[in-house]
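Every chain is numbered from 1, with letters handed out A, B, ... down the list of sequences.
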There are 2 protein chains.
Amino acid sequence: MEDLKPVDPPHPAQDVTEHVGYRLKRAAAALRGAMDRALRAHGLTVPQYACLELLDQRPGLSNAELARGTFVTRQSMNVVLRGLQDEGLISRPATTDHGRALPTHLTAEGRGRLYAARSAVYAIERDMIDAIPQRRLAALLADLDRMAAALGG
Amino acid sequence: MEDLKPVDPPHPAQDVTEHVGYRLKRAAAALRGAMDRALRAHGLTVPQYACLELLDQRPGLSNAELARGTFVTRQSMNVVLRGLQDEGLISRPATTDHGRALPTHLTAEGRGRLYAARSAVYAIERDMIDAIPQRRLAALLADLDRMAAALGG
DNA sequence: GTCCCTATGTCAAAATCCTGACATGGAAGA
DNA sequence: TCTTCCATGTCAGGATTTTGACATAGGGAC
């Protein structure tokens, strides 16, 4: 009874846990957990850190742009920005002379918090990279991009 | 001021969006979004689908086992199971003669819903796999596992 | 100029998920 | 046997995220 499958799996696999999607989810979950633990010591959540990192390298991004860059909705990013603003880590003008997008910038304190937390996050990335054959890293990054693009990411 | 970096990135990259973690997150977010859209037509959420898929191949799993298998907490899986039970897609005994773990099983209706939704999800997996060179699939899966293991996943 | 379309910011409500906590059942060791 | 420890199911509370909706600002077609 169990070997009767209404549809064939995309590639030979007896178990869901063998599927690409499952592996991808497991790796992402492990990364999220590791970052959660590491960032807690710095008083930051993962979305907050992602937001600060993005703002450090692309100052002046708007709420909607940050949301797209961190793969959350505008509404979610809005509450993240409020939290960061309440802590004095970012600054955002109340109005603008052109358009509706409000450019966001890191404060000196925000930059300091980011740099302190960054070393912990980079250590995690180092662990991930060291876990795989170094010659396959470029191909892995390219494949992840291709899969995301194929799914409309 | 901006080119002073307190710590060196784990691998040469000028932008956060080049990092492994960012790519992994993007791919996972794209997968999650595609599955959300596909499963909505079948009246299922991603955690619900993952739960049904796991139960189809490993009948009798407990709440805690399902939680570990889908990378959520026991509490979250508990509400997922209640929802599935309210819809009549799974069955769970109220008591057990040995231990506290309550073995969960799919109902006939649950199996039907799963099989209907499965084809949509498998089409997404097919798109992902077709997006990358076929000869690299095995290495990709292995690398994802190694990274997850290195992070304690 | 006017209409239409898109993008942005924001509000409100609900759903989802997690942290913290507690009681119970079983296994292992003193 | 008794004690200790771990795993499980569950409750309560809060935090996070999403869905749906609305008003506003700008660009382009006509």
Side-chain angles (χ1 to χ4, degrees), chain A residues 25 28-41 43-51 58 60-87 90-105, chain B residues 25 28-41 43-51 54-55 58 60-87 90-105:
Chain A
K25 186 173 181 179
L31 173 62
R32 173 67 186 244
M35 288 184 66
D36 264 326
R37 289 189 294 271
L39 288 173
R40 187 161 307 173
L44 289 175
T45 67
V46 172
Q48 283 177 334
Y49 168 79
C51 183
R58 315 244 289 271
L61 270 106
S62 70
N63 176 32
E65 289 169 325
L66 287 167
R68 280 193 294 269
T70 56
F71 317 109
V72 296
T73 61
R74 282 172 296 164
Q75 294 88 332
S76 296
M77 181 51 64
N78 207 342
V79 316
V80 171
L81 285 183
R82 287 193 196 182
L84 290 173
Q85 200 165 11
D86 290 346
E87 292 191 62
I90 64 168
S91 68
R92 201 159 52 138
T95 61
T96 178
D97 54 350
H98 181 272
R100 295 199 75 194
L102 303 174
T104 312
H105 290 271
Chain B
K25 187 174 180 179
L31 172 62
R32 173 67 185 244
M35 287 183 67
D36 265 326
R37 289 189 294 272
L39 288 173
R40 187 161 308 172
L44 288 175
T45 66
V46 172
Q48 283 177 334
Y49 168 79
C51 183
L54 227 47
L55 280 176
R58 316 244 289 269
L61 284 172
S62 70
N63 176 32
E65 289 169 326
L66 287 167
R68 281 192 293 269
T70 56
F71 315 110
V72 296
T73 60
R74 282 172 295 164
Q75 295 87 332
S76 297
M77 180 52 64
N78 207 341
V79 317
V80 172
L81 285 183
R82 287 194 195 182
L84 290 173
Q85 201 165 9
D86 290 346
E87 292 192 61
I90 64 168
S91 68
R92 203 160 50 141
T95 61
T96 178
D97 54 349
H98 180 272
R100 295 198 75 194
L102 303 174
T104 312
H105 290 271

(request) Can you tell me the distance, in whole Å, between the CD atom of A/Gln85 and the C1' atom of C/dG9? (result) 13 Å
(request) Nearest whole angstrom, please: distance from the P of C/dG25 to the CZ of B/Arg74. (result) 16 Å
(request) Keeping to residues at least two apart or across chains, list the salt bridge (Lys or Arg N to Asp or Glu O under 4.0 Å) pairs with something in residues 91-103 of chain A. (result) none
(request) To the nearest 0.5 angstrom, please state how far the CG atom of A/Leu102 sits from the CG atom of A/Asn63. (result) 8.5 Å
(message) Which heavy atom of B/Gly43 sits nearest to which heavy atom of B/Gln48, and what is that distance?
(response) O-OE1, 4.1 Å
(request) Whole angstrom is fine here: how far is it from CG in A/Leu44 over to C1' in D/dA15? (result) 16 Å
So which protein nitrogen or oxygen atoms get under 3.5 Å of nucleotides 24-27 of chain D's nitrogens or oxygens?
| unit_1 | atom_1 | unit_2 | atom_2 | d |
| --- | --- | --- | --- | --- |
| D/dT24 | O2 | A/Arg100 | NH1 | 3.2 |
| D/dG26 | OP1 | A/Gly99 | N | 2.9 |

(request) Compare the minimum distances between each of C/dT10, C/dT8, D/dT10 and the side chain of A/Arg92, then state the nucleotide with the smallest one. (result) C/dT10
(message) A/Leu61: which residues meet the side chain to side chain contact (heavy atoms under 4.5 Å, CB included) condition with it, sequence neighbours left out?
(response) A/Leu55, A/Arg58, A/Glu65, A/Leu66
(request) Tell me, please, which residues at least two apart from B/Ala101 pass side chain to side chain contact (heavy atoms under 4.5 Å, CB included). (result) B/Ser62
(request) Rounded to the nearest angstrom, tell me the gap between atom CZ in A/Arg37 and atom C1' in C/dC18. (result) 15 Å
Might you list the N or O atoms of the protein lying below 3.5 Å from N or O atoms in nucleotides 11-17 of chain C, with each pair's distance?
| unit_1 | atom_1 | unit_2 | atom_2 | d |
| --- | --- | --- | --- | --- |
| C/dC11 | OP2 | A/Arg82 | NH2 | 2.3 |

(request) List the atom of A/Ala50, the atom of B/Lys25, and the distance in Å for their closest heavy-atom pair. (result) CB-NZ, 4.4 Å
(request) Please name the pair of heavy atoms, one in A/Arg32 and one in A/Pro47, separated by the smallest distance, quoted to 0.1 Å. (result) NH2-CD, 4.2 Å
(message) Rounded to whole Å, please give me the gap between CZ in A/Arg68 and C1' in D/dT17.
(response) 18 Å
(request) With DNA chain D as reference, determine whether B/Asp36 or B/Ala101 sits nearer its 5' end, using the nearest nucleotide of each. (result) B/Ala101
(message) Can you measure B/Met77 atom CE to D/dC11 atom P for me and round it to whole angstrom units?
(response) 17 Å
(request) Applying side-chain contact (heavy atoms from CB on, under 4.5 Å) between A/Val46 and each of A/Leu39, A/Leu31, A/Thr70, report the one that passes. (result) A/Leu39
(request) Round to the nearest Å and state the distance from A/Asn63 atom CG to D/dT18 atom P. (result) 13 Å
Exercise answer: donor-acceptor pairs, residues 72-86 of chain B side-chain atoms, under 3.5 Å, sequence neighbours excluded:
| unit_1 | atom_1 | unit_2 | atom_2 | d |
| --- | --- | --- | --- | --- |
| B/Thr73 | OG1 | B/Ser76 | N | 3.2 |
| B/Thr73 | OG1 | B/Ser76 | OG | 3.1 |

(message) Without decimals, in angstroms, what is the distance between B/Leu81 CG and D/dT10 P?
(response) 9 Å
